[in-house]
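The block underneath contains the structure these notes are about, expressed in structure tokens.
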Amino acid sequence: MGIATIGAFAIGEYPEGVAVMLFYAVGEVFQSMAVTRAKGNIKALLDQRPDEVTIMENNQPKTIKAKETKIGDVIQLKPGEKLALDGELLSDSASFNTAALTGESKPDTKNKGEVVLAGMINMNSIALVKVTTAYEDSKLSKILELVQNATAQKAPTELFIRKFAKIYTPIVVFLAIGITFLPYFFVSDYLFRDWLYRALIFLVISCPCALVISIPLGYFGGIGAASRNGILFKGSNFLDSIAEIQNVVMDKTGTMTEGVFKVQEVNMASGFNKDEIMQLVNLLESKSTHPVATAIHNYVGEINYSIPMENVEEIAGHGLKATVNGKELLVGNFKLMDKFNVSYDINHANIVYTLIAVAYDKKFAGYITIADSIKTDAKETVDNLHKMGVKATMLSGDKGTVVKYVADQLGIDNAFGDLLPEDKVNKVKEIKAKNQTVAFVGDGVNDAPVVALSDVGIAMGGLGSDATIETADVVIQDDKPSKIPMAINIGKQTKKIVWQNIILAFAVKAVVLVLGAGGLATMWEAVFADVGVALLAILNAVRIQRMKF
């Protein structure tokens, strides 16, 4: 642009020289406005962490820096205040605005003992929160880290345009020099001024601004639009990948169901004391973080820590094993009973509920039935995936009958139960072997290997384990499965806008280049072909930030 302006002044085309710089400056202003707007969506997240907190010390409120807060401190949260660290609610109940984390405008009421996350705003009465996570490890801090790092992960199109511009720009400058001087050897009525003017037009048209600006801006806008809806992409390359997804493979518990289990009934075999066995089960399950453990604890009540329990061991995909009073205690699924050769006389395949089998001293002691409710938007999620032509598959470690029942309710294409973590990996490998793309959605630690293997790993960020969130490419903040098709849609729209800009830029430039080389286009057309197209491309890229998904 600098060469073109100096050249235009040199041959006395002052209005056109001024126009080149004026419109270029206008283009730059529009570009910075668009980038500022896209950054604004992400900055809104970055500004969520309060610098100070009020903690209770000897029943007296004391204000300290958020970074100095220790695990176990009790924060006093006034109405309208924002929580700085993750914690556990000590007050009986409190309503929180969670829009910053989830994009959900409806207040979320939490009860005593429930987890509350940094970034939530207290709505009504004073609430007390016990800090459970260090400041730098809070969910919000991790989100901010993800978003800040997201722009470093470039999409293939973006990387190509960067390399293209590096090679393309010097080539264009040398071609312009060629257009100025080479005709001297081939044209009889050669006029230096005319051919210099044509070379300057060529130079202005060839400027890759429209592509170099609008493509990263399109992806930036996509990441911004997603984070505004509580979906975090760890890089623009994942926007491209998710747009091409043909299969969504999902876990059941905590992904398509609430993950909040309730004990339905307890069936004990004769010769076993129900209360005594349930006390043992309650103590053993307290060593696990599985939602089933919470259901059993809620059913039995206080844990009796005086029971001498040792050699506690978790057997992946099966359950728990321990020694009590020298006798072996097994709590898990019926695969655990088979593994330890414990005989039982019930046909567990016919029971729809999730079953927890118990064996004590090598004998089958009975079973507990547990039920989990399906998330309200799970059916809508599967319907939307089908409308997009995406297949839905459910993989779960839960009992086959339970998985089939949930899959039938939701209209899922394929469902497999009784799977160990390695079985899930093999099922995903089977789909990938057919040269089909796979997105896996999960929330548990045992989902991390499958999340890493899939083309796009999606983690449920509210209930999800840190291992899965770390491994995932996309994090859904509020655990709503309906955000899965929304994420795919954002990816598709971003890709569409990026390609619209590429085609628009190349088409207009090609037409004006031909006219310019033939002496039919002036500097005014050249300015439109560059700055005009760049402006149109920027405005098109900004569109994604205004879209409703």
Side-chain angles (χ1 to χ4, degrees), residues 245 247-265 290-296 298 317-319 332-335 347-357 367-388 390-421 423-428 430-431 438-447 450-451 454 458-460 462-465 468 476 478-486 488:
I245 287 300
N247 295 274
V248 168
V249 178
M250 54 197 76
D251 181 36
K252 178 183 77 71
T253 309
T255 301
M256 301 308 277
T257 64
E258 296 288 354
V260 180
F261 288 94
K262 285 197 174 76
V263 172
Q264 304 298 310
E265 56 178 325
H290 197 280
V292 164
T294 313
I296 289 170
N298 290 341
H318 290 78
N333 52 29
F334 279 87
K335 281 188 288 185
N347 185 357
H348 60 87
N350 295 334
I351 301 169
V352 172
Y353 293 136
T354 298
L355 292 177
I356 304 299
Y367 65 90
I368 304 158
T369 62
I370 287 176
D372 182 13
S373 51
I374 295 169
K375 286 184 180 175
T376 49
D377 58 341
K379 178 83 174 80
E380 172 201 342
T381 300
V382 177
D383 291 346
N384 286 340
L385 288 173
H386 286 154
K387 280 177 195 164
M388 290 176 171
V390 177
K391 271 190 190 165
T393 303
M394 184 180 277
L395 304 180
S396 178
D398 209 341
K399 217 175 97 190
T401 48
V402 179
V403 177
K404 188 179 182 308
Y405 173 75
V406 172
D408 290 346
Q409 295 283 306
L410 301 179
I412 284 170
D413 303 292
N414 300 303
F416 304 92
D418 298 308
L419 300 178
L420 297 172
D423 298 329
K424 290 186 181 182
V425 169
N426 292 332
K427 289 285 180 194
V428 170
E430 280 174 31
I431 299 171
V438 179
F440 184 85
V441 193
D443 69 315
V445 178
N446 61 346
D447 293 328
V450 214
V451 165
S454 52
I458 304 174
M460 290 294 182
L463 285 172
S465 79
T468 310
I476 292 172
D478 56 4
D479 292 339
K480 286 192 172 177
S482 55
K483 295 287 173 78
I484 302 163
M486 187 190 282
I488 295 172

For K375 and P481 the tightest heavy-atom approach is CD-CD, 3.5 Å
Heavy atoms, side chains only, cut-off 4.5 Å: are M394 and M256 in contact?
yes
Side-chain donor/acceptor of T257 to backbone N/O of K252, under 3.5 Å
yes
Can you list the steps and then say if T369 with L355 is a side-chain contact (heavy atoms from CB on, under 4.5 Å)?
CA-CA 5 Å; T369 62; L355 292 177; 3.4 Å; yes
Any side-chain heavy-atom pair of M250 and L385 under 4.5 Å
yes
Which distance, rounded to the nearest 0.5 Å, do you find between the CD of E430 and the CG of N414?
10.5 Å
Check against side-chain contact (heavy atoms from CB on, under 4.5 Å), V441 and D251
CA-CA 6 Å; V441 193; D251 181 36; over 6 Å; no
Enclosure of K335 NZ (heavy-atom neighbours >12, cutoff 6.0 Å):
yes
Test your reading of the model: is there a side-chain donor-acceptor pair from D418 to the backbone of G400, 3.5 Å cut-off?
yes
Is the shortest distance from a Lys or Arg side-chain nitrogen in K427 or D423 to a carboxylate oxygen in the other one below 4.0 Å?
no
Quick check for you: to the nearest 0.5 Å, what is the distance between D479 atom CG and M460 atom CE?
6.0 Å
Is the shortest side-chain heavy-atom distance between I431 and V249 below 4.5 Å?
yes
Where do I458 and I484 land on the side-chain contact (heavy atoms from CB on, under 4.5 Å) test, with the steps shown first?
CA-CA 8 Å; I458 304 174; I484 302 163; 4.3 Å; yes
Are the side chains of H318 and N333 in contact, using a 4.5 Å heavy-atom criterion?
yes
Flag side-chain contact, heavy atom, 4.5 Å: M388 against I488:
yes
Heavy atoms, side chains only, cut-off 4.5 Å: are V263 and N298 in contact?
no
Spatial distance of atom CD1 (I370) from atom CZ (F261) [nearest 0.5 Å]
7.0 Å
For the pair D383 and K387, evaluate salt bridge (Lys or Arg N to Asp or Glu O under 4.0 Å) and give the outcome as yes or no after the intermediate values.
CA-CA 6 Å; D383 291 346; K387 280 177 195 164; over 6 Å; no
Distance-minimising heavy-atom pair for I374 and Q409
CD1-CB, 3.8 Å
Indicate the atoms forming the closest heavy-atom contact of V382 with I412, along with that distance.
CG2-CG1, 3.8 Å
Point-to-point distance, once rounded to the nearest 0.5 Å, from OG of S373 to CD of E258
4.5 Å
Checking salt bridge (Lys or Arg N to Asp or Glu O under 4.0 Å) for the pair K483/D377: CA distance, chi angles, key distance, verdict?
CA-CA 9 Å; K483 295 287 173 78; D377 58 341; over 6 Å; no
Rounding to 0.5 Å, atoms NZ (K262) and OH (Y353) come to a distance of 12.0 Å
Decide side-chain contact (heavy atoms from CB on, under 4.5 Å) for L419 and F416; before the verdict, give the C-alpha distance in whole Å, the side-chain angles of both, and the deciding distance to 0.1 Å.
CA-CA 7 Å; L419 300 178; F416 304 92; 3.9 Å; yes
Working to the nearest 0.5 Å, report the span between CD1 of I245 and OG of S454.
7.5 Å
Are the side chains of D372 and T354 in contact, using a 4.5 Å heavy-atom criterion?
no
Examine the side chains of D413 and H386 and answer whether a donor and an acceptor come within less than 3.5 Å of each other.
yes
Side chain proximity check, P485 to T381, heavy atoms < 4.5 angstrom:
yes
